[in-house]
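Accompanying notes for the structure given below.
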Protein chains: 2
Amino acid sequence: MGKQMTEMLKGTLEGIVLAILADEPAYGYEITARLRDQGFTDIAEGTVYALLVRVERNGLVEVERVPSEKGPPRKVYTLNPKGQEYLDEFWQTWDFLTEKLNKLHHGRNAS
Amino acid sequence: MGKQMTEMLKGTLEGIVLAILADEPAYGYEITARLRDQGFTDIAEGTVYALLVRVERNGLVEVERVPSEKGPPRKVYTLNPKGQEYLDEFWQTWDFLTEKLNKLHHGRNAS
DNA sequence: GGTCACTATTCAGTGGTACTATGTACTAGT
DNA sequence: ACTAGTACATAGTACCACTGAATAGTGACC
């Protein structure tokens with residue numbers, strides 16, 4: 001993956017995953033697959049699992065073990081209120097950044 | 001500063017600074033001041049200088065020492081062709097991310 | 001003439017995040 | 001048995017922004 005993408009994902013990947021969970025609960029393997037479908041082809045499984053461990057440790061999600069027909073049991077993650085609040089903050093921060101960067105990108109300014 | 005902002009700046013702050021330099025050459029202290037003017041009120045001076053050392057080491061900028069009337073000599077940074085190319089890649093990566101995140105934010109999808 | 005304020009740069013140490021690479025474990029098809 | 005697909009876990013690495021402090025020059029004020 002591009003080095004720039006790697007760095008830019010720091011801070012945003014977490015928001016992306018939480019946004020996916022806000023849409024509907026999901027488990028790690030599924031999240032990884034969905035990310036790939038959506039164009040993030042180079043995100044490693046290990047990255048997602050480590051991230052999920054982190055958001056669980058931070059109390060942003062609820063976890064439920066669900067048996068699978070084909071493989072080990074799944075850990076299904078659900079966004080909880082604290083996670084939703086955290087996600088709202090994420091979008092605020094993201095909006096702030098996009099506003100500033102759009103100005104820099106297009107608004108060849110006359111300071 | 002918000003922890004989310006701190007993490008989100010990783011990868012983007014470098015692009016922001018390079019974009020500022022693309023507009024016109026500048027020195028560290030000036031860049032810090034300009035960032036503050038543009039709303040990044042909490043970016044520490046040390047952060048900017050460390051970033052400038054890095055982009056210089058990576059050969060993205062040219063450096064010229066210019067005496068100052070009031071203070072130590074300034075190190076004026078100018079974006080070079082390699083830096084411009086790197087900045088173009090940055091905008092591509094940024095556009096990719098914004099597209100995906102906009103879909104996640106608004107487009108409550110029908111996968 | 002000593003302190004304060006502003007300008008200007010540098011650097012050591014810290015914490016957080018994504019990546020690499022690998023390992024574990026269950027199921028099904030051959 | 002062997003392979004492939006599903007599913008989760010983790011140690012080690014690299015990179016980046018932040019904290020906090022140090023260094024150094026100039027001008028102004030008392």
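Whole-Å rounding puts the B:I31 CD1 to C:dA8 P distance at 12 Å. One can place CG of A:N58 at 11 Å from C1' of C:dG16, the figure rounded to the nearest angstrom. Separating the CG atom of A:L9 from the P atom of C:dT20 is a distance of 12 Å, rounded to the nearest angstrom. If you take CZ of A:F90 and P of C:dT17, they are 13 Å apart, rounded to a whole angstrom. In this structure, OH of A:Y49 is placed 16 Å from P of C:dA18, rounded to the nearest angstrom. If you take CD1 of A:I16 and P of C:dT17, they are 14 Å apart, rounded to a whole angstrom. When rounded to the nearest whole Å, the span between NZ of A:K70 and P of C:dA25 equals 22 Å. Rounded to an integer number of Å, the gap from B:Y77 OH to C:dA8 P is 14 Å.
Residues A:T78 and A:E64 form no side-chain contact, since every pair of their non-hydrogen atoms from C-beta on lies 4.5 Å or further apart. Annotation: side chain of B:T12 is in contact with side chain of B:L9 (closest heavy-atom distance under 4.5 Å).
In terms of hydrophobic clustering, with Ile, Leu, Val, Met, Phe, Trp and Tyr side chains grouped at heavy-atom distances under 4.5 Å, B:V53 and B:L60 are assigned to different clusters.
Counting any heavy atom pair closer than 4.0 Å across all strands shown, A:L52 reaches no nucleic acid atom. Residue A:E69 is in sugar-phosphate contact alone, with no base atom involved, counting any heavy-atom pair closer than 4.0 Å across all strands shown. Contact annotation for B:G46: base contact, defined as any heavy-atom pair under 4.0 Å involving a base atom.
Residue B:S68 places none of its side-chain N or O atoms closer than 4.0 Å to OP1 or OP2 of C:dT7. In this model, the phosphate group of C:dT17 is approached by a side-chain N or O of A:R54 to a distance below 4.0 Å at OP1 or OP2. For the pair B:Y27 and C:dA8, the criterion of a side-chain N or O lying under 4.0 Å from OP1 or OP2 is met. Taking side-chain N and O atoms only, A:T6 has no distance below 4.0 Å to OP1 or OP2 of C:dA18.
Salt bridge present: A:K10 and A:E7 bring a charged side-chain N and a carboxylate O closer than 4.0 Å. At a threshold of 4.0 Å, the pair A:E14-A:R54 counts as salt-bridged, since one of the basic side-chain nitrogens sits closer than that to a carboxylate oxygen.
Taking the six-membered ring for Trp and thresholds of 30 and 60 degrees, A:W91 and B:H105 have nearly parallel ring planes, at less than 30 degrees apart.
Residues A:P72 and A:A44 each lie close to DNA chain C; by heavy-atom proximity, the contact nearer the 5' end of the strand is made by A:A44. Ranked by how close their nearest DNA chain D nucleotide is to the 5' end, A:P73 and B:T12 are led by A:P73. Between A:D42 and A:G71, the residue whose closest nucleotide on DNA chain C is further toward the 5' end is A:D42.
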Legend entry - Verdict with supporting geometry, A:R34 and A:E24, salt bridge (Lys or Arg N to Asp or Glu O under 4.0 Å): CA-CA 12 Å; A:R34 212 179 290 183; A:E24 59 177 339; 3.7 Å; yes
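Annotation for A:V66: hydrophobic cluster partners, listed by chain and number, are A:Y27, A:Y29, A:Y49, A:V76 (ILVMFWY side-chain heavy atoms under 4.5 Å, direct or chained).
If you walk DNA chain D from 5' to 3' and mark each nucleotide with an atom closer than 4.0 Å to a heavy atom of chain B, the marks span D:dC16 to D:dT26.
Of the candidates C:dA18, C:dG16, C:dC26, the closest approach to any side-chain atom of B:K3 belongs to C:dG16.
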